[in-house]
2 protein chains.
Amino acid sequence: MTDLQQPGFSRCNNATLRRTARRLGRFYDEALAPSGLKGTQFGLLFQISVSGEPAMGAIAEALIMDLSALGHTLKPLVRDGYVETFPDKDDRRVKRVRLTPVGQAKLDEAIKLWSVAQQQFEARIGTEQAAKLRATLDGVAALDLEMPAAAPSR
Amino acid sequence: MTDLQQPGFSRCNNATLRRTARRLGRFYDEALAPSGLKGTQFGLLFQISVSGEPAMGAIAEALIMDLSALGHTLKPLVRDGYVETFPDKDDRRVKRVRLTPVGQAKLDEAIKLWSVAQQQFEARIGTEQAAKLRATLDGVAALDLEMPAAAPSR
DNA sequence: CGCAGAAAGTGGCATATGCCACTAATTGCA
DNA sequence: TGCAATTAGTGGCATATGCCACTTTCTGCG
């Protein structure tokens, strides 16, 4: 029980997750640094790349990001010419996103750097363990979490 | 192999971790909302609480946070009177931190809210699984990650 | 057809995090 | 003793994320 006090370790699932995210984030960021991209930006470019000209809402949903947060995160990438947006043909509310040629090249460049970090990391914990961890995390992300009876519909 | 394309799922350990962190973060934030604290602030107050008047560097290390990031994150808590700082007696470079009575009360209040979220979450994935996940995450956070031979000392 | 309500984004505001350049204190020697 | 190197924080700048209030479009119906 005393481990509650152990510096840096918490029973809080959220705190533990964030703590590790900071750690791993720095590692991947360091690896990607030569490309000028941050881990988040890399992930975003990748997601856009594998989705065909996705709508912003679709990206936000896939990455479990707030739509407005996505908009903000996208700005530097648009500014730097890696990404461009265009209106959907059928629904003028919808804004679609795609990589520019420069963005695709930058992504290709970053993938090489990312691979090194990814391999380095998996060399430490094992490819199997990494896959298992990702599966667990994806499972958690898919949970339909709800606070208990927010509205007593009596 | 085609799962590389699955929307929202990535082989990138970092992206997966961040994605889940966003998801879980929102859940805990929602639970803590009535207290006015965010999950991060809660975790920070808690860490300060269980460490005896820790130095900023100690907190940063425990939470694997950048020291300057900690300083920034601490500001709103100081501003709101939950936390106060004071210089170390022996080393004037060191700044120590502690909760104010108001801060302690706020933490107590938040712990009640946090417990609900924590229980709700563990009711979904199981207490055992949650503990296992935290252990894995703590293990990852403890890894001595390094990029391969940055300097080809050949 | 016309309007109420839903759906998709935007902008503003606030916190979360990091890096870098600097300042102030301490320490470790020669 | 005295200065170079180290250590602890700070401030500025930039990205990461969320929430809320709004605007613009669409949709579904009466």
Side-chain angles (χ1 to χ4, degrees), chain A residues 14-15 17-33 36-45 54-61 63-80 82-83 85-97, chain B residues 14-15 17-33 36-45 54-61 63-80 82-83 85-97:
Chain A
N14 184 46
L17 193 54
R18 294 187 74 91
R19 180 168 175 273
T20 302
R22 282 190 291 269
R23 179 74 187 80
L24 206 56
R26 281 211 247 180
F27 178 62
Y28 277 81
D29 276 358
E30 181 194 332
L32 289 169
L37 293 177
K38 312 295 243 36
T40 309
Q41 303 181 315
F42 169 73
L44 183 46
L45 289 186
M56 289 193 54
I59 302 173
E61 189 175 356
L63 299 183
I64 311 187
M65 277 183 76
D66 180 88
L67 180 55
S68 77
L70 172 62
H72 299 151
T73 304
L74 223 37
K75 275 179 191 169
L77 296 174
V78 171
R79 178 201 60 199
D80 296 340
Y82 299 150
V83 159
T85 61
F86 59 99
D88 182 89
K89 281 182 184 54
D90 304 315
D91 191 334
R92 274 180 298 175
R93 289 172 305 178
V94 175
K95 186 155 84 167
R96 290 185 175 283
V97 184
Chain B
N14 184 45
L17 193 54
R18 293 186 76 90
R19 181 169 174 271
T20 302
R22 282 190 293 267
R23 178 75 188 80
L24 206 56
R26 281 212 247 180
F27 178 62
Y28 276 80
D29 276 357
E30 181 194 332
L32 288 169
L37 292 177
K38 312 295 244 34
T40 310
Q41 302 180 316
F42 170 72
L44 183 47
L45 289 185
M56 288 193 55
I59 302 174
E61 189 175 358
L63 299 183
I64 310 187
M65 278 183 77
D66 180 87
L67 180 56
S68 78
L70 172 62
H72 299 152
T73 303
L74 222 38
K75 274 179 190 170
L77 296 174
V78 171
R79 177 200 61 199
D80 296 340
Y82 298 150
V83 159
T85 62
F86 59 100
D88 182 89
K89 280 182 185 56
D90 303 314
D91 191 332
R92 275 179 297 175
R93 289 172 304 178
V94 175
K95 187 156 84 167
R96 291 185 175 282
V97 184

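A distance of 12.0 Å separates CZ of A/Arg18 from OG1 of A/Thr20, quoted to the nearest 0.5 Å. In this structure, CG in A/Asn14 is found 7.0 Å from OG1 in B/Thr40, a value given to the nearest 0.5 Å.
Atoms CG (A/Leu45) and P (D/dA16) sit 10 Å apart, rounded to a whole Å. In this structure, the CG atom of B/Leu74 is 10 Å from the P atom of C/dA16, given to the nearest Å. If you measure from atom CG of B/Leu63 to atom P of C/dG18, you get 10 Å, rounded to the nearest angstrom. Between the CG atom of A/Asp90 and the P atom of C/dA8 there is a distance of 14 Å, rounded to whole Å. For the pair A/Ile59 CD1 and C/dA8 P, the computed distance is 14 Å after rounding to whole Å. The distance from atom CD of B/Gln41 to atom P of C/dA14 is 13 Å, rounded to the nearest whole Å. B/Met56 has its CE atom 13 Å from the C1' atom of C/dT17, to the nearest Å. Spacing between atom CG of A/Asp88 and atom P of C/dG9 amounts to 9 Å, rounded to whole angstrom units.
Minimum atom distance to the side chain of B/Lys75 is reached by D/dG11, of the listed D/dG11, C/dT15, D/dG9. Which of D/dT10, C/dT15, D/dT17 sits closest to the side chain of B/Arg18 comes down to D/dT17. Residue B/Asp91 has its side chain nearest to C/dA25 when only C/dA25, C/dT15, D/dT15 are considered.
The salt bridge (charged side-chain N to carboxylate O under 4.0 Å, His left out) search around B/Asp91 returns B/Arg93, not counting sequence neighbours. For the side chain to side chain contact (heavy atoms under 4.5 Å, CB included) test, no residue two or more places apart in sequence or in another chain qualifies with B/Pro87.
Non-hydrogen atoms lying under 4.0 Å from DNA chain C are contributed by B/Ile64, B/Met65, B/Asp66, B/Ser68, B/Ala69, all within residues 64-71 of chain B.
Contact annotation: B/Arg92 does not reach the phosphate of C/dA24 (side-chain N/O to OP1 or OP2, under 4.0 Å). Between B/Arg26 and D/dC19, a side-chain N or O to OP1/OP2 separation shorter than 4.0 Å is present. Checking the phosphate oxygens (OP1, OP2) of D/dT17, no side-chain nitrogen or oxygen of B/Arg23 falls inside 4.0 Å.
A distance-only check finds no donor-acceptor pair linking the side chain of A/Asp29 to the backbone of A/Lys38 [under 3.5 Å].
Taking the side chain as every heavy atom from C-beta outward, A/Arg22 and A/Arg26 never approach each other to under 4.5 Å.
Among the heavy atoms of the strands, none lies under 4.0 Å from B/Arg96.
With DNA chain D read from its 5' end, the first of the two nearest nucleotides for B/Ala58 and A/His72 is the one closest to B/Ala58.
Residue B/Arg93 places a side-chain atom within donor-acceptor reach of the base of D/dT7, judged by atom type and a 3.5 Å distance cut-off alone.
Checked against A/Tyr82 for a side-chain contact (heavy atoms from CB on, under 4.5 Å), the options A/Leu77, A/Leu74, A/Leu44 give a single hit: A/Leu77.
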